[in-house]
Each structure stands twice: as C-alpha cells, then as structure tokens.
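Working notes, structure below.
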Amino acid sequence: QVHVTESGGGSVQAGGSLRLSCVASGYSYFANCMGWFRQVPGKEREGVATIYADTGREYYADSVKGRFTISQDKAADTIYLQMNNVVPEDTAMYYCAECNYWSPLRPRNNNWGQGTQVTVSA
C-alpha cells in the first residue's frame, strides 16, 4: 500500500504555472502506476495525468494535454505535476494515488489522502 503526501497547490491567475509534488512517506513506495487525480464539489473524481514507473510512459486527460507534464524521481520517491497555462477549469482538489495499470486514468482503489487545493482565477 502506498502512502503519499501532496503539496504545491495554491492560488494562481489564468495563464500561470504551478508545480505539484507527491512524496512517499515512511515504509511506503510507489507502485508501477502512479498519478494525479482531481475533484470539484458535485463532480466525480477524474484522472489528470499518470505514469508507469517501469517504462516512464505517460497518460493525460484530453483537457490537460499540452499544458500539464507528469514526471518521476525514483531516488527521491517523488512524482511531480508541472501545470502550465492554467485555466479556471483547472480549479480542483488534486490527489496523488495509484492508478489502474490496465486503465491508467482510473484509480486502482479508494485510498485517498488529503490532497492539495489548486485555485485558478480568471
């Protein structure tokens, strides 16, 4: 089971950038499929960007392709989400979690942490 801590969220104006970090804690380690999900009140949690640890292959939601980039630093047990050219629709609580290896933009389970809030102003 992977235990993570998300950070890097905050308020930013449209067109700006943010960099989110996800760090494993204690005896935790990253699974072969890890990534970022987001949720707004009243809507379902959606996959944003995920990555395979073994191959480095990346998967992105259509809404963020060309704007967001996911990366991993295995030595530091850290996964990043670089968010560029953000828009108000990116406003959400962002969570780092395991993804389904056979369906990478879906979560593997329901083990969610506290997340980090991102708010984009017009």
Side-chain angles (χ1 to χ4, degrees):
Q1 185 171 334
V2 177
H3 302 278
V4 299
T5 300
E6 303 99 333
S7 63
S11 297
V12 63
Q13 62 181 240
S17 299
L18 284 174
R19 190 191 192 196
L20 308 185
S21 298
C22 170
V23 182
S25 62
Y27 287 88
S28 299
Y29 58 91
F30 289 129
N32 283 336
C33 188
M34 292 292 299
W36 294 91
F37 301 79
R38 66 186 182 187
Q39 186 174 33
V40 298
K43 296 184 178 180
E44 294 184 356
R45 185 176 280 108
E46 66 171 337
V48 177
T50 58
I51 188 169
Y52 287 164
D54 52 358
T55 65
R57 184 169 182 176
E58 304 156 30
Y59 295 85
Y60 297 94
D62 289 341
S63 60
V64 306
K65 287 182 178 178
R67 300 189 297 117
F68 293 4
T69 303
I70 188 170
S71 61
Q72 61 181 341
D73 184 342
K74 294 182 179 181
D77 289 334
T78 303
I79 291 177
Y80 303 98
L81 183 67
Q82 180 66 45
M83 306 169 61
N84 294 330
N85 193 27
V86 296
V87 296
E89 290 73 21
D90 293 324
T91 295
M93 183 71 74
Y94 284 71
Y95 300 89
C96 177
E98 294 183 68
C99 48
N100 188 311
Y101 193 87
W102 296 274
S103 187
L105 288 178
R106 292 185 175 182
R108 182 179 182 182
N109 50 50
N110 292 121
N111 297 327
W112 305 103
Q114 294 185 348
T116 184
Q117 178 69 38
V118 172
T119 302
V120 182
S121 60

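Nearest heavy-atom pair, Ala122 versus Ala14, reported as atom, atom and distance to 0.1 Å: CA-CB, 4.3 Å. Considering every non-hydrogen atom in both Val118 and Met83, the closest pair reads CG1-CE, 4.0 Å. In plain terms, the two heavy atoms of Thr50 and Cys99 that are nearest each other are CB-SG, 3.6 Å. Taking both residues in full, the closest heavy atoms of Gln13 and Val86 are given as O-CG2, 3.7 Å, listed atom of the first, atom of the second, then distance. Closest approach of Cys33 and Tyr52 over heavy atoms only: SG-CE2, 3.8 Å. Contact between Ala92 and Gln117 at its shortest, heavy atoms only, is O-NE2, 3.3 Å.
Residue Tyr95 holds its OH atom at 5.5 Å from CD of Gln39, rounded to the nearest 0.5 Å. For the atom pair CD1 (Ile70) and CD (Gln82), the distance works out to 12.0 Å, reported to the nearest 0.5 Å. Distance check, rounded to the nearest 0.5 Å: OG of Ser11 to CG of Leu18 gives 8.5 Å. With rounding to the nearest 0.5 angstrom, the CZ atom of Phe68 is 9.0 Å from the CG atom of Asn85. The CZ atom of Arg19 lies 10.0 Å from the OG atom of Ser7; values are rounded to the nearest 0.5 Å. Interatomic distance, CD1 of Ile51 versus OH of Tyr59, reported as 10.5 Å (0.5 Å rounding).
The aromatic ring centres of Trp112 and Phe37 sit less than 6.0 Å apart.
When the side chains of ILVMFWY residues are joined at heavy-atom separations under 4.5 Å, either directly or via intervening members, Val64 and Val12 end up in a single hydrophobic cluster. One hydrophobic cluster holds both Leu105 and Tyr101 under the rule that ILVMFWY side chains link at heavy-atom gaps under 4.5 Å. Met93 is not connected to Val120 by any chain of hydrophobic side-chain contacts under 4.5 Å among Ile, Leu, Val, Met, Phe, Trp and Tyr, and they are in different clusters.
Checked by atom type and distance alone, the side chain of Arg106 never pairs as donor or acceptor with a backbone atom of Trp102 at under 3.5 Å.
In summary, the side chains of Glu58 and Tyr60 do present a donor paired with an acceptor at a separation below 3.5 Å, with no hydrogens or angles considered.
Remark: of the listed residues Asp90, Thr91, Thr116, Asp90 is the sole one forming a side chain to side chain donor-acceptor pair (under 3.5 Å) with Arg38.
Every salt bridge (charged side-chain N to carboxylate O under 4.0 Å, His left out) that Arg108 has, sequence neighbours left out, goes to Glu98. For the salt bridge (charged side-chain N to carboxylate O under 4.0 Å, His left out) test, residues two or more places apart in sequence or in another chain that qualify with Asp62 are Lys65.
Two residues are said to be in side-chain contact when any heavy atoms from C-beta on lie closer than 4.5 Å; Tyr94 and Glu6 fail this criterion.
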